[in-house]
Every structure is written in C-alpha cells, then in structure tokens.
Amino acid sequence: MGNPKAFMTVPRLEAGHRPIHERICDFSEVEQTLSETERRNQASRCMDCGVPFCHWACPLGNRPPEWQDAVYRGDWEKAFKILSLTNDFPEFTGRICPALCEKSCVLNHCMDAPVTTRENECSIIEKAFAEGYIKPRTYERNGKRVAVIGAGPSGLSAAARLNCMGYEVTVYDKMNKSGGLVRYGIPNFKLDKFIINRRIKFMEDEGIHFINDCYIEPGTVPEGYDAYVVATGTPQARDLSIPGRELSGIYFALDMLTQQNEILEGVEFPADKLVNAKGKRVLVIGGGDTGSDCIGTCHRHEALEVTQIEIMPQPPQGHNPATPWPWWPQVMKTTTSHEEGCIRRWCLASNRFIGDSEGRLKGVEVERVEWAPSPDGGRPSMKPTGEKEIIECDMVLLAMGFLKPRQPDYPANVFLCGDAKNGASLVVRAIASGREVAVQVDSYLTSRQN
Ligand SMILES: Cc1cc2nc3c(=O)[nH]c(=O)nc-3n(C[C@H](O)[C@H](O)[C@H](O)COP(=O)(O)OP(=O)(O)OC[C@H]3O[C@@H](n4cnc5c(N)ncnc54)[C@H](O)[C@@H]3O)c2cc1C
Ligand code: SF4
C-alpha cells in the first residue's frame, strides 16, 4: 500500500464509455481506457484492508490489493504475475465481469466509491500483452491425454490448467470457433472478438489442440483419452409456451446475438434468415444481461423502439437493506445498452402473442402481477391482477435465461464444469469452475497412477 491516504484524496474515476450518438453506429467496444498515470492513481486508492473482502467476493479468489500496489508503483510485470496466479483470462473478466469484488470493497461500504478493480485488472493484462510479459511456455509432458468438450470459458480454463500440469489437452467444440458464449452470445460492444482470438492463439502456442465443428453426442466421449472434462454450457434457452408462440417475429435472444456476432466475423446469411430489428418495434422479454445485450444490438440495427419487460418487481435503486454489504446487492442495474434508450417495465407477465391474418406478430398481451413475500423468506409468490394491456410490437426477443441441463451418467473419468454443471452463471464463475475441475482431473489421474 504505497499511498495510505489516496482513498481520501483521489476520487474514483471510471474510464467511461464512448458517447452514445457515436457508439450506436458501430459494434466496437463501448468502454474507454484511462491514461497510465490515472490508472496508477486509481490503483493507489486500495487500502490493503486487513480483511480483504474482495478476495472473498471474487469466485477466482483474485488478490486485488497485491496487484493494486504493484500497479501503483508502476511494476506492471509484478502485477501481471500476481494476477495470473488466480485468473487465466483477465482480459475477459476485466471487460465483462460484474465485479463482485467492487461491491464488497470496503470503500464501497464507507463511501460508495470502490476501487476500480475490474478496470485495473483489464489494464494489467493489456499491458502484459503489449509489453510481452505474457509469453507462451512449453511444459514437460506427463504422457497422459485429456479431452475437454466445450470451448467456453470453463472448458478453456480447464484446458489451460491441465496443459500447465503436463497433460496433452485437446479441446472439442461444435462451433466453428472457440470461446463459447463469450464469442457467440456476448456482443462485440462489450468484448471484441480479437480478445478471444488472441487468447486461443496463445493457448495453441502453448501446445493445446483445438478441434472445432465437432459435435460430441451428450453421454458419449471421443476415444483415446485418460480423462474428460464436459464443459458444454447450457444449450437450451427457456421458452415461453403461450398462445401465438408459432407466429413469425418471435426469436430467442441468441438467434439474434449469435447471428450478429457471426455477421461481424464475415459470415453471410440469406435475407430471409436475418434476425434484424431495423425499423421494428421490439419487445424484449426478460430483464437480465441477455435482454440488455439484445437492446444494445437492436439500437445498432436501428430499431424504431425497444421495450424490455420483466415479470419480477423493479429492484430498489442504490442500496437494498435485504442484501447488505459485503454481499452482492440486488439493486437496479442500468447498463450502457439501457442508457442508449429503452422503455423498461416490471411486474408484467406475458399472456399471449397476437398476430395478423398472415401469421405475423403484431403485439403481446401482458398482465400486471403482484408479488407477495414468502413468510419463510423463500421465493415470493406471484398473483395476477387481471389488469391487462397489449404492447404493440413486430419483434419479440425471448431473454428469460437458460435451462440447467440434465447430464447423463458418465463414467468416473468424466468431470463436469462451468454452466453445464452449475446452470447459467457468470464468466468468472465458469473460469473458477474450470480451474477447480482441472485439479479434480489431476488428482484422479495421479491417484490411479499410484
Ligand atoms: C447474451 C449473454 C450475455 C452474457 N453476458 C455476460 C456478462 O456480461 N458477464 C458475465 O460474466 N457473464 C455473461 N454471460 C454468461 C456467460 O457467458 C456464461 O456464464 C459462460 O460463458 C459459461 O461458460 P461455459 O464455458 O460454462 O459455457 P459456454 O460459454 O456456454 O460454452 C459451452 C461450449 O460448449 C460447446 N458445446 C455445447 N454442446 C456441445 C457438444 N455437444 N459438442 C461439442 N461442443 C459443445 C458450445 O459450442 C460452447 O462453445 C452472458 C451470457 C449470455 C447468453
Ligand atoms: S474477476 Fe471479477 S470479481 Fe474477480 S477481481 Fe476481477 S472483476 Fe473482481
């Protein structure tokens, strides 16, 4: 902790975002960067608390105080070395992690101005790539082979860890390129795909094999490996089975998001297969991150109007006494996509889709619902109120989450990780799960050897 008073004298400064009128005209990353001096000042705000709640909150157990101090002193290489001990892909989390660490930062508790830990993390890894602190290494092989099925962040982190331990690792994925939802779900304006390409190339240079366009039937595994990691995510989106579901103009969120990411990579789609919001009144059903990504994409398509509805009540603004510090606060979240313009409504259930005589969507009947708290503190119960209305729209995007997959019974040498194991979650949790499974695979294979 180089500057013990910085938390009192240096205000929190976020890098901010490109102006709205500029950024909605392209799909480039919206977040900006600080100068090196400003970044080091921000790192100096860390108080190096005796009990660092940021360690506790980060699913990876990242150690922000240690690397904040190195950044403050300008020792970026040391900062990178500390960061890389716990995080295999800081360039992902540094961009899209909701920063659980910042919510539990003591400076968040006492002055609503946590250290800019996520942004600092991103700066460290970008500096490491720019200055060549991060270099591919070769590892002594131990003669054992592991297959990883699924090249999302959990499979990739499992592969990276197992490779370091000396296993010969092959990663299979059904898609043309690796990255999972980070490539095919998350829009470029949150994370440019160059970031994933750079990491995959690095992993290849470290000796990991990638086999793409290869679907592995659930319950089966490719032959010839000593152990397997199944990291296949949550392939099935939650549907809305209400009358009118067959109308044209109703899509799953990923129909649009995946296609848009592929278009930006040069893939061409026939006009009748395009999921494009240009000139449309769009209704996004689902109030989470996926819905927000749909909103940002619709703006860039030049939608006429975007509305987002959520069945749950509007969360409180600012602080929520039900989720006090240092816990993750259940509060109203406004993303850059919301800032770009969107009507947001809560406590609305969807009753039926309404179409015209040619089977095209023209609206959704919604009904206001009330939520009563559960006496035992469990999930609140929902009550329809009978207050119905029609929201006119030409396009609906279903963004209501993903079903947790039911996994078949696998033999003892097959291990699950990431969303495939835990259900839909966060990139940081997927990476943590991949690291954990690598240790399990290693102890399984090592114990069999003895
Ligand atoms: C639109 C959207 C936005 C999100 N935004 C954020 C965010 O901002 N921040 C955040 O932290 N998290 C975000 N998430 C969540 C995050 O992307 C996931 O939690 C994370 O990617 C899960 O990683 P995973 O490796 O477990 O699974 P996935 O990323 O889903 O990867 C699974 C991989 O397995 C492959 N696969 C599946 N089945 C097979 C098969 N049978 N054979 C071969 N390969 C197969 C898939 O092609 C895929 O590459 C978002 C999710 C979505 C959908
Ligand atoms: S991975 Fe996320 S929670 Fe962990 S230190 Fe980085 S920003 Fe914070």
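Counting convention: from 1, in listed order, for ligands and their atoms alike. A quick note: this is a predicted structure, and the numbers were derived from the prediction, not measured.
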side-chain hydrogen bond (donor to acceptor under 3.5 Å, both in side chains) test vs Glu340 passes for just one of Arg300, His299, His17, namely Arg300
Who's the nearest protein heavy-atom neighbour of [atom], and how far?
| atom | value |
| --- | --- |
| atom 2 (Fe) of ligand 2 | Cys97 SG, 2.3 Å |
| atom 31 (O) of ligand 1 | Gly152 CA, 3.4 Å |
| atom 41 (N) of ligand 1 | Ile216 O, 2.8 Å |
| atom 22 (C) of ligand 1 | Asp419 OD2, 3.1 Å |
| atom 27 (O) of ligand 1 | Gly233 CA, 3.5 Å |
| atom 32 (C) of ligand 1 | Ala231 O, 3.4 Å |
| atom 43 (C) of ligand 1 | Lys174 N, 3.3 Å |
| atom 35 (C) of ligand 1 | Asp173 OD2, 3.2 Å |
| atom 25 (O) of ligand 1 | Ser154 OG, 2.7 Å |
| atom 4 (Fe) of ligand 2 | Cys58 SG, 2.3 Å |

Q.
Looking only at the aromatic ring of each residue, does the gap between the centers of Trp328 and Trp56 stay below 6.0 angstrom?
A. no
May I ask you to check whether Tyr444 and Phe415 place their ring centres under 6.0 Å from each other? yes
Heavy-atom distance under 4.5 Å between the side chains of [X] and [Y], does that happen here?
| X | Y | answer |
| --- | --- | --- |
| Phe189 | Ile24 | no |
| Leu156 | Phe210 | yes |
| Leu304 | Lys280 | no |
| Tyr133 | Lys81 | no |
| Thr232 | Pro218 | no |

Rounded to the nearest 0.5 Å, the NZ atom of Lys404 sits from the CG atom of Asp419 at a distance of 10.5 Å
Output for pair (Glu91 CD, Ile96 CD1), nearest 0.5 Å, gives 10.5 Å
- Do any of the N/O/S atoms of Cys101, backbone or side chain, fall under 2.8 Å from atom 8 (Fe) of ligand 2? yes
Tested for salt bridge (charged side-chain N to carboxylate O under 4.0 Å, His left out) against Arg95, the lone hit among Glu29, Glu119, Glu121 is Glu29
What atoms in ligand 1 come closer than 4.0 Å to a heavy atom of [X]?
| X | result |
| --- | --- |
| Gly150 | 33 (C), 34 (O), 35 (C) |
| Phe402 | 53 (C) |
| Ala430 | 22 (C), 23 (O) |
| Ser425 | 15 (C), 19 (O) |
| Gly180 | 29 (O), 31 (O), 48 (C), 49 (O) |
| Ile96 | 7 (C), 8 (O), 9 (N), 10 (C), 11 (O) |
| Leu257 | 1 (C) |
| Met175 | 47 (O) |

Exactly one of Cys342, Ser337, Cys294 clears side chain to side chain contact (heavy atoms under 4.5 Å, CB included) with Gln308, and that residue is Cys342
Polar contact flag for [X] and ligand 1 (N/O pairs, less than 3.5 Å):
| X | result |
| --- | --- |
| Val427 | yes |
| Leu181 | yes |
| Tyr172 | no |
| Pro153 | yes |

One residue to check: [X]. Relative to ligand 1, which of side chain, backbone, both or neither has a non-hydrogen atom less than 4.0 Å away?
| X | result |
| --- | --- |
| Ala253 | neither |
| Arg183 | neither |
| Thr93 | neither |

Which of the numbered atoms in ligand 2 are under 4.0 angstrom from any heavy atom belonging to [X]?
| X | result |
| --- | --- |
| Val428 | 1 (S) |
| Arg118 | 7 (S) |
| Asn62 | 1 (S), 4 (Fe), 5 (S), 6 (Fe) |
| Leu100 | 3 (S) |

Looking at Trp325 and Cys105, would you say the former's side chain and the latter's main chain have a donor-acceptor pair under 3.5 Å?
yes
Any donor-acceptor N/O pair, Gln259 side chain to Leu254 backbone, under 3.5 Å
no
Answer yes or no: is there an ion pair linking [X] with [Y], defined by an N-O contact shorter than 4.0 Å?
| X | Y | answer |
| --- | --- | --- |
| Arg281 | Glu305 | no |
| Asp26 | Arg18 | yes |
| Asp289 | Lys333 | yes |

Can you find a non-hydrogen atom of Cys214 under 4.0 Å from ligand 1?
yes
Looking only at non-hydrogen atoms, the one of Arg63, Glu121, Glu119, Glu102 nearest atom 6 (Fe) of ligand 2 is Glu121
Nearest non-hydrogen contact to atom 39 (C) of ligand 1 from the set Thr232, Thr220, Ile431 belongs to Thr232
Note to self: Using a 6.0 Å distance limit plus a 45 degree cone around the ring axis, check whether Arg198 lies over the aromatic ring of Phe129.
What the structure shows: yes
* Any chance you could lay out the side-chain contact (heavy atoms from CB on, under 4.5 Å) test for Ile134 and Ser84, step after step, and finish with the verdict? => CA-CA 9 Å; Ile134 174 167; Ser84 59; over 6 Å; no
